[in-house]
Engineer: 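My questions will all concern the structure given below.
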Amino acid sequence: MKQRSIFLVVSITSLVFIIFVIFFALFDAPIKFPIMAPSDNSFKLTELPATTSGAPFSLLIGILTRPNNFDRRHFLRLVYGIQSSPVAEVEVKFVFCSVTNPEQKIFLALEILRFNDIIILNCTENMNYGKTYTYFSSLPDILPRRFDYVMKADDDVYIRLPQLVSSLQPQPRQDLYYGFALPCTSMNPHEGYMSGMGFVLSWDLVDWIAKSEIPKNDIFGPEDKLVGRWLNAGNKARNRFTSKPAMYDYPGTNGRCSHELVPYTVAVHRLKRWDQWLHVLEFFNVTKDLNQSKLYNL
Ligand SMILES: *[C@@H]1O[C@H](CO)[C@@H](O)[C@H](O)[C@H]1NC(C)=O
Ligand SMILES: *[C@@H]1O[C@H](CO)[C@@H](O)[C@H](O)[C@H]1NC(C)=O
Ligand SMILES: *[C@@H]1O[C@H](CO)[C@@H](O)[C@H](O)[C@H]1NC(C)=O
């Protein structure tokens with residue numbers, strides 16, 4: 001008798017549970033179990049179109065830098081602010097870890113109010129301790145839109161946006177890993193990895209980094225090398241492209257990764273000093289569109 005009533009209670013409970021599940025499945029009501037990862041947000045983002053203007057594709061460039069590098073950041077705003085291309089929607093953002101210094105907080109707040117080009121991640125500033133991982137893995141959750149491609153760039157690299165965008169246009173939009181293949185003399189993007197000076201991942205790979213356990217368990221070390229290791233371990237990025245010799249280190253700064261400035265340049269890296277930046281700006285005629293005016297005499 002006692003066993004029968006326990007059986008009855010169990011069956012009724014299961015029945016109620018099954019009806020409950022069917023009800024929610026039919027009406028697509030959001031069932032929030034605590035074990036569910038907050039991935040439904042990024043899933044929706046991934047379903048959205050990656051362009052809003054009718055341009056063929058979109059690109060987010062995140063320049064990983066530090067709050068203290070004011071001069072460099074303002075300079076880069078100028079350098080990228082005067083470049084554009086009809087071939088892609090390009091957004092350039094400066095990427096930091098959490099800011100605790102009260103002065104930096106105010107300055108960054110001013111910059112955000114004026115330029116709205118800053119991303120502050122939940123991490124502590126570091127090299128080789130996972131900032132690049134935090135950058136890519138956070139994006140699907142924190143961005144209001146998705147992009148076809150996401151780039152990670154250094155703050156000592158000069159990127160020519162029209163040339164970058166033209167070289168990306170014919171590339172696949174999926175499963176793409178683009179950049180400057182290392183080691184220096186390698187022309188094979190399928191061995192080694194792309195230099196941290198600036199490399200591009202297609203959105204599906206950014207999404208994969210956010211969700212996969214492979215990067216999550218391998219975040220300490222040289223960050224550009226790690227990205228290559230994750231993609232290899234996950235059997236990802238079947239499409240790879242090295243932009244050599246259009247990407248390189250500034251002449252004389254890094255052995256065989258360096259060569260002379262060339263007209264078809266996509267990116268020049270290791271620009272540490274102002275005289276190097278000036279040389280590059282002059283070589284590429286960056287200020288040639290300036291008109292005569294009575295207001296100045298340059
Ligand atoms: C930031 O990261 C830390 C450590 O991973 C975590 O404990 C904390 O909840 C995170 N904060 C936010 C706002 O996501
Ligand atoms: C810069 O301008 C000079 C003079 O007009 C020209 O000869 C040179 O090819 C230009 N350089 C580039 C990289 O376009
Ligand atoms: C220079 O003048 C030309 C002709 O008036 C104009 O089309 C162009 O936009 C001006 N360039 C700049 C940078 O103001």
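For the single chain, residues carry numbers from 1 onward in sequence order. Counting starts at 1 for both ligands and their atoms, following the listed order.
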Engineer: With distance as the sole criterion, is a donor-acceptor pair present between the side chains of Thr265 and Tyr248 under 3.5 Å?
Structural biologist: yes
Engineer: Please walk me through it: do Glu89 and Arg145 pass side-chain contact (heavy atoms from CB on, under 4.5 Å)?
Structural biologist: CA-CA 12 Å; Glu89 290 170 19; Arg145 59 167 291 182; 3.0 Å; yes
Engineer: Only one of His259, His279, Glu260, Arg273 clears side-chain hydrogen bond (donor to acceptor under 3.5 Å, both in side chains) with Tyr250; which?
Structural biologist: His279
Engineer: Tell me, yes or no, whether the heavy-atom count around Tyr80 atom OH, taken from other residues, nucleotides or ligands under 6.0 Å, exceeds 12.
Structural biologist: yes
Engineer: What are the distances between nitrogen or oxygen atoms of ligand 2 and protein nitrogen or oxygen atoms, counting only those under 3.5 Å?
Structural biologist:
from, atom 1, to, atom 2, distance (Å)
ligand 2, 2 (O), Asn285, OD1, 3.1
ligand 2, 2 (O), Asn285, ND2, 2.3
ligand 2, 11 (N), Asn285, ND2, 2.9

Engineer: Within the 3.5 Å criterion, strictly below it, is a donor on Gln174 or Asn239 matched to an acceptor on the partner's side chain?
Structural biologist: no
Engineer: Any chance you could pull the hydrophobic cluster mates of Leu78, using side-chain heavy atoms under 4.5 angstrom and chaining through other members?
Structural biologist: none
